[in-house]
Each structure stands twice: as C-alpha cells, then as structure tokens.
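Everything on this sheet refers to the single structure shown next.
The structure displayed is predicted, hence computed values, not measured ones.
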Amino acid sequence: VLRCFWDGEASPSIEVPLGDFFGVGFGLRRNFVSAPLQMSPQDGRGFNCWFPMPFARGARFEIENQGKNLKLFY
C-alpha cells in the first residue's frame, strides 16, 4: 500500500495499492508511457510518476507490504 502525506498531515492524502497507483491492472506489468505514468524497462520492472504533488513544506511517502512474500523494492 502506498501512502502519501503532505505538510505534516495526520491522515494520508493518497492511500492506494501500489500497483493500482501506477496503472497495473490485475497485477500484469507491461511497458507503457502516458502523460503522468510510465512502466519500463522490458516487463515493467520500473515505475515512474509525474503527477504534481501539492505540498509546501514537506512530503512523506510510506510503502506497506501486506503480502506474505517480500519483494525487492528500491
């Protein structure tokens, strides 16, 4: 789960499964490019996001693994 907090908020402004945020439908990774999102290289191993992030003083991002297996995250 991806959670994003702006300017010291107590509750996240974004709280969504990580794959859903990046447009991963049904857990299927594919190469694609759109205005706000990109998945690459081959087989969708890298995720990029260009959404404007509306914070003035600071932002905090959290990733929570709710699965049983630990996958590599960087």
Side-chain angles (χ1 to χ4, degrees):
V1 176
L2 171 66
R3 293 183 188 93
C4 303
F5 302 80
W6 314 134
D7 299 325
E9 292 178 314
S11 299
S13 290
I14 299 169
E15 186 170 24
V16 63
L18 186 64
D20 290 357
F21 182 82
F22 285 100
V24 179
F26 303 106
L28 301 174
R29 297 177 299 175
R30 300 287 185 261
N31 292 341
F32 79 88
V33 177
S34 67
L37 299 170
Q38 173 184 357
M39 264 199 294
S40 62
Q42 186 61 32
D43 297 326
R45 291 189 183 110
F47 296 179
N48 297 299
C49 166
W50 291 277
F51 288 118
M53 303 289 176
F55 64 91
R57 297 179 316 278
R60 185 175 90 232
F61 294 83
E62 295 179 355
I63 300 288
E64 178 185 356
N65 181 2
Q66 295 181 338
K68 294 180 181 180
N69 298 319
L70 178 62
K71 300 285 185 175
L72 179 63
F73 183 80
Y74 64 95

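You'll find the side chain of Pro36 reaches within 4.5 Å of the side chain of Ser34, heavy atoms only.
With sequence neighbours excluded, the residues forming a ring pair (Phe, Tyr, Trp, His ring centres under 6.0 Å) with Phe21 are Phe51, listed by chain and number. Residues that satisfy the side chain to side chain donor-acceptor pair (under 3.5 Å) test with Arg3, not counting sequence neighbours, are Glu15, Glu64. Scanning for side-chain contact (heavy atoms from CB on, under 4.5 Å) contacts around Phe55 gives Trp6, Asp7, Met53, Ala59, with sequence neighbours left out. Partners of Ser11 under the side-chain contact (heavy atoms from CB on, under 4.5 Å) rule, at least two apart in sequence or in another chain, do not exist in this structure.
Val16 and Val1 fall into different hydrophobic clusters, where Ile, Leu, Val, Met, Phe, Trp and Tyr side chains are chained together by heavy-atom contacts under 4.5 Å. Follow the hydrophobic side-chain contacts under 4.5 Å out from Ile14 and you reach Phe22 in the same cluster.
With rounding to the nearest 0.5 Å, the separation of CZ in Phe47 from CG in Leu37 is 10.0 Å.
Summarising the geometry of Ala10 relative to Phe5, their closest heavy-atom pair is O-CE2, 3.7 Å, with the distance given to 0.1 Å. Nearest approach of Pro12 to Glu9, heavy atoms of both residues: C-OE1, 4.3 Å.
Pairs engaging residues 46-58 under the side chain to side chain donor-acceptor pair (under 3.5 Å) rule: none recorded [sequence neighbours left out].
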